[in-house]
Enquirer: 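Right, I'll just put the structure down here and ask away after.
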Amino acid sequence: MKKIIVAILVMVVALGSVFAQGGVEGQSVVINKDKPFVFFNRQPSDPTTGVIDMESMNWNDKTFYVGFDAAGGGAVQGKLILDYLATCDASIDRNGDGTIGYVLCIGDVGHNDSKARTQGIREALGTWNGSTDPGKAVAGKVTIAGKTYKVVELEGKAMTGTDGSTWNANAATDAMSGWATKYGKQIDLVVSNNDGMAMGCLQASNYPAGVPVFGYDANADAIEAIGAGKLSGTVSQNVDAQATATLQVLRNLVDGLTGSDVWTKGISEPDQYGNKISADMEYVASTKALLAKNAGVNADNWTDYKAGSRDTGIKQSTAPVKKILLTIYNSGDNFLSSSYLPALYYYAPLLGIDLTVVQGDGQNESSCLDKFTNLSSFDGYAVNMVKTNSGRDYLDKLKY
Ligand code: BGC
């Protein structure tokens, strides 16, 4: 009898521990709301004010943002344009009216990256007046070959596609076509907040030949276009560093790292498997953001940014495979589909990450949210929202 009581007691204790761990065979099961969550490329923020949505960022202690230094990038783009203008002569002013006229492809007025680039460009050209909205630029000035020119933003446009998607390259082709007709030789410069739209402008059949055009992202086709003398410059936001960091932060979190180990291991120092991103990244504690640095790319250095070179600091690791669900706001976005996603697919297997990627249509959050499912079968999540203020919609799905 004593033996039976002891046996029952042992069973009760064993069962109790299984329940406490929420699983079987001694495996502790993490509930969805406590899993790692990384926002990337689109920082949770207010589309109007740009203020970071810290409520989403503080969802749990495993929530982070991985992106790049947006404000710094705007300044790099502005400087790239000024450096170019410094090499020009009077022929840059095509109609000789003493004014440099430019048109601006804004992208998505509610996106932090877009806002930062508009600001950086306008600050460099002296047309900044405190607002990133279209039509809010003032007259600036710039000195070219010893002569001071007035600078005017002839028009700036968000570039929303007929399907409602933002950063739309076709919209940029249409806009450029209209601008070329409307402004003619008043256009001396074309500036775009991303490469997709810059390349879109160049597609306009009436693109004013020889007018300099600047993009942002250093997509492979844009780099080739610089080599071919069609694009004047772009900015690399170091997509390899960003894609790897998105995965590395998740790796660190699923491995149970905490505190500063989350944003340093494999990033500023080797992780337990010997991997480390080669580029420098900055961690901003107040917004839980890990940011890559930007670099200007032009005719002098474009060969350094040709496609195909990957970070040799990341090698095949022995890390146990973990499953991550990753959303991309728009399958048609040039930067995400031609630069970011290939980088993710390259680095994920090296870091022992089994990625499931779902993509949206760039306009309806539901196009991503409806595929943000089967959440219990994943170890963590990486989210690129359609709208920057939708963080909560994804997080709320983890409650159940
Ligand atoms: C990129 C754009 C892209 C956008 C999407 C930006 O950081 O520069 O090309 O369209 O992200 O969110």
Side-chain angles (χ1 to χ4, degrees), residues 29-67 107-114 158-168 196 242-243 246-247 249-250 253-254 287-289 322-337 339-341 344-345 348 353-400:
V29 170
V30 183
I31 52 175
N32 295 343
K33 76 173 184 47
D34 295 332
K35 288 179 182 172
F37 194 105
V38 171
F39 288 103
F40 69 98
N41 175 266
R42 309 194 132 213
Q43 191 165 21
S45 53
D46 185 303
T48 311
T49 61
V51 171
I52 310 297
D53 166 12
M54 286 312 291
E55 200 190 324
S56 291
M57 289 312 301
N58 287 325
W59 165 254
N60 64 20
D61 59 354
K62 301 190 194 83
T63 306
F64 291 88
Y65 172 70
V66 176
D108 175 355
V109 279
H111 189 303
N112 280 15
D113 298 352
S114 202
M159 300 308 169
T160 307
T162 46
D163 61 356
S165 67
T166 51
W167 302 89
N168 191 289
Q242 285 185 67
T246 293
L247 300 169
V249 167
L250 287 162
L253 291 165
V254 292
T287 49
K288 302 172 83 181
K322 296 289 178 179
K323 294 181 70 178
I324 300 295
L325 176 62
L326 181 142
T327 75
I328 287 191
Y329 89 105
N330 182 5
S331 59
D333 184 281
N334 294 64
F335 172 65
L336 288 160
S337 63
S339 294
Y340 211 111
L341 199 49
L344 286 171
Y345 281 138
I353 287 182
D354 175 7
L355 264 192
T356 298
V357 176
V358 296
Q359 306 197 54
D361 64 10
Q363 43 159 333
N364 299 306
E365 204 67 62
S366 57
S367 65
C368 272
L369 272 173
D370 291 353
K371 298 176 194 146
F372 193 64
T373 49
N374 290 328
L375 301 172
S376 300
S377 56
F378 295 96
D379 300 300
Y381 317 96
V383 165
N384 175 235
M385 301 162 283
V386 175
K387 297 273 181 290
T388 55
N389 57 351
S390 302
R392 212 47 219 210
D393 297 336
Y394 292 83
L395 296 165
D396 281 345
K397 290 187 92 174
L398 300 173
K399 281 188 186 160
Y400 309 102

Enquirer: Looking at every non-hydrogen atom in both residues, tell me the closest pair between Gln242 and Val66 and how far apart they are.
Expert: O-CG1, 3.6 Å
Enquirer: Are the side chain of Ser114 and the backbone N or O of His111 linked by a donor-acceptor pair below 3.5 Å?
Expert: no
Enquirer: With rounding to the nearest 0.5 angstrom, report the NZ to OG1 distance, Lys397 to Thr373.
Expert: 6.0 Å
Enquirer: Would the distance check show the side chain of Ser165 and the main-chain N or O of Asp163 forming a donor-acceptor pair, the cut-off being under 3.5 Å?
Expert: no
Enquirer: With rounding to the nearest 0.5 angstrom, report the CG to OG distance, Asn330 to Ser337.
Expert: 8.0 Å
Enquirer: Looking only at atom types and distance, does a side-chain atom of Lys288 sit under 3.5 Å from a main-chain N or O of Met57, one as donor and one as acceptor?
Expert: yes
Enquirer: Report the distance from atom CG of Leu395 to atom CG of Asn60, rounding to the nearest 0.5 Å.
Expert: 8.0 Å
Enquirer: How many angstroms lie between NZ in Lys323 and OH in Tyr381, if you round to the nearest 0.5 Å?
Expert: 11.0 Å
Enquirer: As a quick check of understanding, evaluate side-chain contact (heavy atoms from CB on, under 4.5 Å) for Val357 and Leu341, giving each step before the final call.
Expert: CA-CA 9 Å; Val357 176; Leu341 199 49; 4.0 Å; yes
Enquirer: Are the side chain of Asn384 and the backbone of Phe40 linked by a donor-acceptor contact shorter than 3.5 Å?
Expert: yes
Enquirer: So, applying side-chain contact (heavy atoms from CB on, under 4.5 Å) with Leu326, which one of Thr356, Leu344, Ile353 is it?
Expert: Leu344
Enquirer: Enter the distance from Trp59:CH2 to Asp396:CG here, rounded to the nearest 0.5 Å.
Expert: 6.0 Å
Enquirer: Does Lys322 use its side chain to pair, donor to acceptor, with the backbone of Gly380 at less than 3.5 Å?
Expert: no
Enquirer: Any donor and acceptor pair, going by atom type alone, linking the side chain of Thr327 with main-chain N or O of Val383 inside 3.5 Å?
Expert: no
Enquirer: Apply the test side-chain contact (heavy atoms from CB on, under 4.5 Å) to residues Asn32 and Ser376: give CA-CA distance (whole Å), side-chain angles for both, the deciding distance (0.1 Å), then the verdict.
Expert: CA-CA 6 Å; Asn32 295 343; Ser376 300; 3.3 Å; yes
Enquirer: Working to the nearest 0.5 angstrom, can you tell me the gap between Tyr394 OH and Glu365 CD?
Expert: 3.5 Å
Enquirer: Taking NZ, NE, NH1 and NH2 as the nitrogens, is one of them in Asp393 or Lys387 under 4.0 Å from a carboxylate oxygen of the other?
Expert: no
Enquirer: Please evaluate residues Ser56 and Asp53 with respect to the criterion side chain to side chain donor-acceptor pair (under 3.5 Å), reporting the C-alpha separation (whole Å), side-chain torsions for both, the decisive distance (0.1 Å), and the verdict.
Expert: CA-CA 6 Å; Ser56 291; Asp53 166 12; 2.6 Å; yes
Enquirer: Starting from the C-alpha separation in whole Å, work towards a yes-or-no answer on side chain to side chain donor-acceptor pair (under 3.5 Å) for Asn364 and Ser367.
Expert: CA-CA 6 Å; Asn364 299 306; Ser367 65; 5.7 Å; no
